[in-house]
Each structure stands twice: as C-alpha cells, then as structure tokens.
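Just so you know, these numbers come straight off a predicted model, no measurement behind them.
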Amino acid sequence: MSQLCRCQDATLLWSGVADDYVEAHLVTHEVLETGDVLYRCPDTRLSWIGEFVADRAGTQTFRLRRILRAAELVEMLAAQTGAAALEWMDPAVEFRPPGSSTTYRGADKAQEWADRSASNPNAPRSTVISVIDVADEQAVALGNVAFRRDGRYIDHRPAAWLVTSRDGRIARSLWFDSWNAARTAAGLPESGGPAGKRIGKRFLFSVRRALHVTGARARAGHAT
C-alpha cells in the first residue's frame, strides 16, 4: 500500500489537506448529479466524495468525506455526540426516535426534536449494544432505552434501530421497541443469521444537541 494512503484511518479531510490528497493519491471516478465528485483509492478501492460545505456565513470549504458502510456509520456515531455526529447525517434524514410512532423528515424536524429533548430533563437515553452489518447501506443497531423514574434512569427497555445510509450518510434511522421487530424489518430471521458486533455506546438520535447540519467545523488542515 502506498505511503500516501490515509483511507483506512481518516474519514473527513478539509480544505488544503483534501486538495492535496486528491491530487497526490485519489482517482476521479464519477461526477455526481449534485456536482459532487466521487473518488476512488487505487490501493484500497475505498470511495470518497468531494463536496463543498457552507458555514453559517456562507463561506464554501472543500471537504473529502469517505463513504462508510451503514454499520461503520453506526459504530462511529455511537462513539460521538453533537456536532461531530452531524457531519454524517443526510440533510433529508428520516428518523423515528425512541418512544415515538411518528417518522420525522428533514434537518428542520431533527432540529425541533433535538431542542425538545435537550429541554426535557426526563428525555429517554439510548444505548447501542451491538450492530449487525446487513448490507452496504443497511444495518441493525441493537440496544436499549433508559427512562427516568424517581430521578434516576432505572427503567431499561429493549430497543433497536433499522439504519439506512445514502452516499455514506445516515438517510433513515427507525426505532423499534423490540430486537426481533427490527431484524424482521431488515429481512433477517428472528434468530440466527449474521452476528452483531458489540460496541455499547450512545447512539445518533439520543444526542441532546442541535442537529442542524452546518460546516462550522470546517477549517484548513482539519482531519477526522
């Protein structure tokens, strides 16, 4: 593998670092309908999307974002909170949060839901225990939701999420109140089938921070 290759240890590259990586290592594969560019690594065959991200002032910054499998996204986001997780949500994300029968759509609805959760001291807390890699763009996250009772989070109930990605971002995250229901929705048998990878962290829609996607974190030389 080339000494230039960073495709297995980096997920986001910004500005000049991203420009240099494209020029020195990646191969242009396709120009997408959005105007973004799909690149491939000649060593690992992993894919990147080159895109321009605007901050709140409207300043555009070039960014490389590695396309991750849905299971990889779940594992990574389970270890992150707040703004770091927001980089990996599709602006048109659909989600059904724990305890809700409603599926919300779009970043604005996600913002509203997160604001309500942040202002509620009794908001449920979600934890992922393991993730099942179903396909490139689909994964099932298995875990639990804790509800606050008498000032403590002592009421723990099973929970699962069917997660679908698009172009390496979370496009849909649907909560289920049983592991079997989520497995069935993903076309998996209730028992047997692919084994889950244990991770055990907080998950995407349990974050209690604003979910508005911005490029505020963009800065020259930043890499994640």
pair [X]-[Y]: side-chain heavy atoms closer than 4.5 Å:
X	Y	result
Asp43	His25	yes
Leu73	Val163	no
Leu13	Arg6	yes
Cys41	Leu26	yes
Arg125	Pro98	no
Trp161	Ser126	yes
Thr28	Val37	yes
Arg157	Asp177	no

Shortest non-hydrogen contact between [X] and [Y], atoms and distance:
X	Y	answer
Ala185	Phe176	CB-CZ, 3.7 Å
Ile170	Ser173	CG2-CB, 4.4 Å
Leu46	Cys7	CD1-O, 3.4 Å
Arg166	Glu137	CA-OE2, 4.4 Å
Leu38	Ser47	CD1-CB, 3.9 Å
Ala186	Gln138	O-OE1, 3.7 Å

To the nearest 0.5 Å, what is the distance between [atom1] ([X]) and [atom2] ([Y])?
X	Y	atom1	atom2	answer
Ser15	Leu64	OG	CG	11.0 Å
Leu142	Ile132	CG	CD1	4.5 Å
Glu75	Ser130	CD	OG	11.0 Å
Asp167	Ile49	CG	CD1	4.5 Å
Trp88	Met76	CH2	CE	4.5 Å

Residues sharing Val27's hydrophobic cluster, by side-chain heavy-atom contacts under 4.5 Å among ILVMFWY, directly or via others?
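Taking Ile, Leu, Val, Met, Phe, Trp and Tyr as members, Val27 stands alone, with no cluster partners.
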
I'd like to know if the side chain of Trp175 reaches the main chain of Leu162, judged simply by a donor and an acceptor atom lying under 3.5 Å from each other, with no hydrogens or angles considered.
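Not a single qualifying donor-acceptor pair exists.
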
Which residues pass the side chain to side chain donor-acceptor pair (under 3.5 Å) test with Asp36, sequence neighbours left out?
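Asp36: side chain to side chain donor-acceptor pair (under 3.5 Å) contacts with Thr34.
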
Qualifying residues under salt bridge (charged side-chain N to carboxylate O under 4.0 Å, His left out), relative to [X], sequence neighbours excluded:
X	result
Arg183	none
Arg69	Asp133, Asp136
Glu51	Arg63, Arg65

Residue pairs fulfilling salt bridge (Lys or Arg N to Asp or Glu O under 4.0 Å) with at least one residue in residues 145-154, sequence neighbours excluded
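Residue pairs with at least one partner in residues 145-154: Arg149-Asp155.
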
Parallel, tilted or perpendicular: rings of Phe62 and Phe52 (30°, 60°)
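Phe52 and Phe62: tilted rings.
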
Co-membership, hydrophobic cluster, residues Val17 and Trp48, 4.5 Å side-chain:
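Hydrophobic grouping puts Val17 with Trp48.
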
